[in-house]
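All values below were derived from every heavy atom in this structure, side-chain atoms included, with hydrogens, water molecules and symmetry-related copies excluded. Chain letters run A, B, ... following the sequence lines, proteins first, then strands; residues in each count from 1.
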Amino acid sequence: MGYDFQSIEKKWQDYWRKHQTYKAVIDHNKPKYYVLDMFPYPSGSGLHVGHPLGYIASDIYSRFKRHKGYNVLHPMGYDAYGLPAEQYAIQTGTHPEITTEKNILRYREQLDKIGFSFDWSREVRTSDPQYYKWTQWTFIQLFNSWYNNKTKKAEKIDLLINHFKEKGNAGIDAACAEIDEFTSDDWNGYSETKQQEMLMNYRLAYLSNTMVNWCPELGTVLANDEVKEGLSERGGHPVEKKMMKQWSLRITAYSQRLLDGLDNVDWPDSLKEMQRNWIGRSEGASVFFNLEHKFDPKEIDPFDEEQWGIEVFTTRPDTLFGATFMVLAPEHELVDQITTPEQKEVVEKYKLWAKNRSERERMTEVKNVTGEFTGAFAINPLTNEKIPIWIADYVLSGYGTGAIMAVPGHDSRDFAFASHFKLPIIQVVVKDGDNPTDTSTWDDSYDSKEGIIINSGFINGLTVTEAMKDTIAKIEEMKIGKGTINYRLRDAIFSRQRYWGEPFPIYYKDGMPYALNQNELPLELPKVDSYLPTSDGNPPLANAKGWITSDGYPLETNTMPGFAGSSGYYLRYMDPKNENQYFSKEANEYWRDVDLYIGGDEHAAGHLIYSRFWNKFLYDIGLVCEDEPYKKLINQGKIQGRSSFVYRITGTNKFVSYNLRKEHQTQALHVDIELVNNDVLDVDGFKSWRSEFENAEFILEDGKYICGHEVEKMSKSKHNVQNPDSLIEKYGADTLRLYEMFLGPLEQDKPWDTNGIEGVFRFLKKLWKLYFDENNNLIVTEKKATGEELKSLHKTIKKVTSDVERFSFNTGVSAFMICINELNDQKCNSREVLEPLAILLSPYAPHVSEEIWSALGHKESISTATYPIHNEEFLTENTFNYPVSFNGKMRFKISLPVNMEKADIEKEALKAEEAQKWLEGKSVRKIIVVPLRIINIVVG
RNA sequence: GCUCGAGUGGUGGAAUUGGUAGACACGUUGGACUUAAAAUCCAAUGGCCAUCGCGGCCGUGCGGGUUCAAGUCCCGCCUCGAGUACCA
């Protein structure tokens, strides 16, 4: 008998399912609270102990909020599209849907066993046509919208078309591709195809030729955030740059709003900082440099001023006088036009070399200075000096204008380039108080913004900041440039050459894309015979038979990327079964936004930016009522694996215990952590683990084989994966929940170590014994609780409540332990204390709390109970045990009445017996008394 | 390189506003119960010194500083982790 967690947990999980205890229904009499977990990709290996960490925290918080009278929305679903299921399909032919379904069932089973209070009636799956219908629908809205920089919001493309019909594109300030002016007559004279082509420059979802991250191994394009250090995030395959026609989302239109919105959300600073860096705003100026000559008059449009000059972006307009050469990205469109015949060959060679270089090579070989002279010259607009134009791949085509004015004196990259190619270096900024020096003696440039301008005509003597302002004013007056802001953020490439993803609701007519009508949605993913690209290199959907509209137009064969379905899932949870709308206005106006979002920080530059963009767009078109989707966000730390090692003596089948390993030449081998308990190896288990160890011999210490250990990433190959199932089997879900919280602060990374779990399990057994005897008869009485008992309870209520409110779950668990230890010592069995305690504990350990609650005679679930409020009266003391310090060092304690006057406290402290030896032969200089804190006596 | 975060016993960690450093738990050691084991319970447990049942010194990565008082604040370093990577 005793604490039978297995039957208790099963009983209550069944009860919750049957009674739909956690079903959330709109109730205008209650305040809403929306708690969301980042939904999982259901992988084939199931959950390991790291996954539920955040879910447990959010579940505790959800349950706490319910007790506090909130109407809590706490849903769960699956990010069901993803590469692993598709890779598996390619290998085995199993449809990804089948694999995914199987994995979801396993996930669900595991999640259920942990006792989460999810409202499963709201479950969504991104791969469900009823869900992706709205992903497709949103895409169409994006396709049919443009971003008006004047109103700072997305607007309907029809408004734009009307404007074009009446006034051409004059007076339009849109986030769009570079575009020439056209009149209403031009527009009305355009063919439909030409009009569509023009509109594509404005649409928020648009098709264009872009430089993409192509991953040959995965056979698809990847977004910037899916590439880490030149390799694909999934699988670590090489990535190369390639020009391809792709769908993109014009997220850059929202750069400033995405940046500004960060000021209004309660997120970790580090995460906000990551997003700010990713958006990468920089202020500066764009400046036109005229070319000295036009080299091939035939190729230049005499009416296009831009072709006569090169536009650069700089954050240091103050150093314009120091610009001694220009550098273009090798892909820059003017390179061919300006290159002189003499330089043609070397420039072509360099362009080819740069093009074939992998991203990884380019990134790792940053220190190598490469480049070629084009033979052309530009004119520095302020000095009127002739300066050479070079190409080099340290200038990126994707940032700014793909061209720079090089200021070698004050930019370290330009300095390295100038030094290498012997180009002139001029000093135009001098550190305040220093004298200018000969730049030929410099080891590096002076990049700091601290200083005074020299050698710079009208800005001489100004500070850097003043000079920036004046230079911008000057170039604006000269009509050769203006102050501008640049963002590092790129438009999000939205096409994937993959099967397992949302089909685009797009068909092609005369080569131009058109959106399907809403009533044609969802456009369901077709069956294919092969999940590989077609022989002519088209995406897998090109294998589908009859992949055409009812009118016979071909459908788009790319699919959407992983972040498509996850960008708006929190909205669908508000009204997941709605067949006519993404979600109803009523549901959105009630649930509004996510109050608490818990998940990993690996989504900082991906999901969390896309999702905010998605939401802001829906906000612009009047669909959602909040501008930011996630009010408060917490990053749960990762749980690392704790690997165990055995030490094989090299060349033998003999294993030596950890502390004796130095005496031999050994090789450390990972051993399955299931075979290790407190670093002691289960020797017999080890022998039967693998046939090769069947006859293994051991050198023991103290009769035991001690394993070594190391903290590493949790992975199958390291045999350190801990899945929750076996722990739940052994200790129960309540123990697992408490233990994961007890491990340490939620936000911190920490190694998984089962060693401490026994302590939490013991705690629950001790708790049980407060309520039940050995035969599980209730021993709770109606007897009035003592002052001590009430003090223990109310101290705990106070502590646990404030801990939950500040998401300090580990200290909350400690507080429970302290409370149980005290009540045990007090032999407390009073209902007055034990009943509120059960409510207090129920967010953490819901199963055992429900069992206790019902044993106490309640018919309703404990989740309906009102959370206890601490009463300060029980906590007030008559005396305080003052620590008495001498010169800041605590020497002894003295118990004094809490209301004693400072002067009397001083007297008492000095009078105390223990004080005498510290006072001996010394004079008291000062006494500091902080009431109810400390007494410090300064002697000397 | 730049940005952000973190360094506290054998281990995970606590100390919420500058005020008793090491709560709580694991582990370890000793003891009780038991034929034995498990479970349970009790005690000790930062290091060093000690006439080890009085008592003292040192101690929160390192070096300075502010303060009656610093794990906490300031300055300068070191180490580790994360993000980013020629972003002009």
Ile818(A) side chain: which of rA21(B), rU84(B), rC24(B) is closest?
rC24(B)
Hey, does Arg490(A) reach any base, or is it just sugar-phosphate, or nothing, if we go heavy atoms under 4.0 Å?
nothing
Indicate whether any N or O donor in one side chain lies under 3.5 Å from an N or O acceptor in the other, for Gln826(A) and Ser792(A).
yes
From CG of Asp225(A) across to P of rA82(B) the rounded distance in Å is 19 Å
Of the candidates rC4(B), rA14(B), rC86(B), the side chain of Glu273(A) sits closest to rC4(B)
Using whole Å, what does the distance between atom C1' of nucleotide rA14(B) and atom CZ of Phe816(A) come to?
17 Å
What integer distance in Å separates Ile935(A):CD1 from rA69(B):C1'?
14 Å
Hey, which sits more toward the 5' end of RNA chain B by its nearest nucleotide, Met817(A) or Gly888(A)?
Met817(A)
Applying the 3.5 Å cut-off to both distances, the Watson-Crick or G-U partner of rA14(B) turns out to be none
Measure from CZ on Phe763(A) to P on rC26(B) and round the result to the nearest Å.
12 Å
Gln748(A) side chain N/O closer than 4.0 Å to the phosphate oxygens (OP1, OP2) of rG13(B)?
yes
Determine the contact category for Val930(A): base if any of its heavy atoms lies under 4.0 Å from a base atom, sugar-phosphate if only primed atoms, P, OP1 or OP2 are that close, otherwise nothing.
base
Counting only side-chain N and O atoms of Ser412(A), is one of them less than 4.0 Å from OP1 or OP2 of rC86(B)?
no
Rounded to the nearest 0.5 Å, how far apart are CE of Met274(A) and CH2 of Trp267(A)?
11.0 Å
Going by modelled atom types, is there a donor-acceptor pair between the base of rU11(B) and the side chain of Lys750(A) at under 3.5 Å?
no
With rounding to the closest Å, how many angstrom separate the C1' atoms on rG30(B) and rU17(B)?
43 Å
What's the CG-P distance between Asp601(A) and rU84(B), to the nearest Å?
10 Å
P-based separation of rA23(B) from rC86(B) [nearest Å]:
49 Å
Look at the side chain of Lys765(A) and decide which nucleotide, out of rC41(B), rA88(B), rA39(B), has an atom nearest to it.
rA39(B)
Using Watson-Crick or G-U wobble geometry with both distances below 3.5 Å, tell me the partner of rA43(B), or none.
rU29(B)
Looking at rU11(B), rC24(B), rU40(B), which one has an atom nearest to any side-chain atom of Phe742(A)?
rC24(B)
Once you apply a heavy-atom cut-off of 4.0 Å, does Pro745(A) come out as touching a base, just sugar-phosphate, or nothing?
sugar-phosphate
Does some side-chain heavy atom of Asp411(A) sit less than 4.5 Å from a side-chain heavy atom of Arg316(A)?
no
Output field: ring centroids Phe5(A)/Tyr731(A) closer than 6.0 Å
no
Can you check whether Asn810(A) has a side-chain N or O nearer than 4.0 Å to OP1 or OP2 of rA14(B)?
yes
Can you tell me how far P in rG59(B) sits from the matching atom in rC48(B), rounded to whole Å?
15 Å
Taking only N and O in the side chain of Lys889(A), is any of them less than 4.0 Å away from OP1 or OP2 of rG56(B)?
no
Picking from rG56(B), rC24(B), rC86(B), which would you name as closest to the side chain of Trp918(A)?
rG56(B)
Within the structure shown, what part of the strands sits under 4.0 Å from Arg806(A) by heavy-atom distance: base, sugar-phosphate, or nothing?
base
Aromatic centroids of Trp278(A) and Tyr487(A) separated by under 6.0 Å
no
Would you kindly compare Leu743(A) and Ala403(A) by the position of their nearest RNA chain B nucleotide and give the one closer to the 5′ end?
Leu743(A)
Reckon Ser282(A) touches a base, only the sugar-phosphate, or nothing at all at heavy-atom distances under 4.0 Å?
sugar-phosphate
Report which part of the nucleic acid Asn486(A) touches: base, sugar-phosphate, or nothing (heavy-atom distance under 4.0 Å, all strands).
nothing
Between rU67(B) and Asn936(A), is there an OP1 or OP2 to side-chain N/O distance shorter than 4.0 Å?
no
Rounded to whole Å, please give me the gap between CD in Glu233(A) and C1' in rU84(B).
14 Å
Glycosidic class, syn or anti, of rG9(B) using a 90° window around 0
syn
Side chain of Ile928(A) - closest among rC26(B), rC4(B), rG19(B)
rG19(B)
Can you tell me the base-pairing partner of rG1(B)? Count Watson-Crick or G-U wobble geometry only, both distances below 3.5 Å, and say none if there is no partner.
rU84(B)
If the cut-off is 4.0 Å, is Lys917(A) near the phosphate of rG56(B), judged by side-chain N/O to OP1 or OP2?
yes
Of the listed nucleotides (rA82(B), rU16(B), rC86(B)), which one gets closest to any side-chain atom of Tyr394(A)?
rC86(B)
Which nucleotide in the list rC86(B), rA88(B), rC24(B) gets nearest to the side chain of Arg362(A)?
rC86(B)
With a 3.5 Å limit on both atom pairs, tell me what rG76(B) is paired to, counting Watson-Crick and G-U wobble, or say none.
rC62(B)
Indicate whether any N or O donor in one side chain lies under 3.5 Å from an N or O acceptor in the other, for Tyr844(A) and Asp734(A).
no
Closest to the Arg933(A) side chain: rU16(B), rU17(B), rU40(B)?
rU17(B)
Can we call the ring centroids of Phe325(A) and Phe417(A) under 6.0 Å apart?
yes
Distance between the P atoms of rG63(B) and rU79(B), in whole angstroms?
16 Å
rA38(B): pairing nucleotide in any strand, Watson-Crick or G-U under 3.5 angstrom:
none
With Tyr3(A), which of Trp768(A), Phe772(A), Phe763(A) fulfils ring-ring contact (aromatic ring centres under 6.0 Å, His included)?
Trp768(A)
Shortest non-hydrogen pair, Val335(A) vs Ile391(A), comes out as CG2-CG2, 3.8 Å
Mind checking Val395(A) for me? I need base, sugar-phosphate or nothing, with any heavy atom below 4.0 Å counting as a touch.
base
Please determine if a side-chain N or O atom of Lys228(A) lies less than 4.0 Å away from the OP1 or OP2 oxygen of rU84(B).
yes
Quick check on rC26(B): is either OP1 or OP2 less than 4.0 Å from any side-chain nitrogen or oxygen of Arg762(A)?
yes
Can you tell me the distance, in whole Å, between the CZ atom of Phe886(A) and the C1' atom of rG55(B)?
16 Å
Send over the distance from Glu331(A) CD to rC86(B) P, rounded to a whole Å.
13 Å
Of all the nucleotides listed (rU16(B), rU3(B), rC68(B)), which has the minimum atom distance to the side chain of Lys926(A)?
rC68(B)
For atom P, what is the distance between rG7(B) and rC73(B), given to the nearest Å?
11 Å
Phosphate-side-chain proximity, Arg488(A) and rC2(B), N/O vs OP1/OP2 below 4.0 Å
no
In a check of side-chain contact (heavy atoms from CB on, under 4.5 Å) between Ile935(A) and each of Leu910(A), Val930(A), Ile905(A), which one passes?
Ile905(A)
So what does Lys799(A) hit on the nucleic acid, given a heavy-atom distance under 4.0 Å: a base, only sugar-phosphate, or nothing?
base
Scanning all shown strands, the Watson-Crick or wobble mate of rG9(B) with both distances under 3.5 Å is none
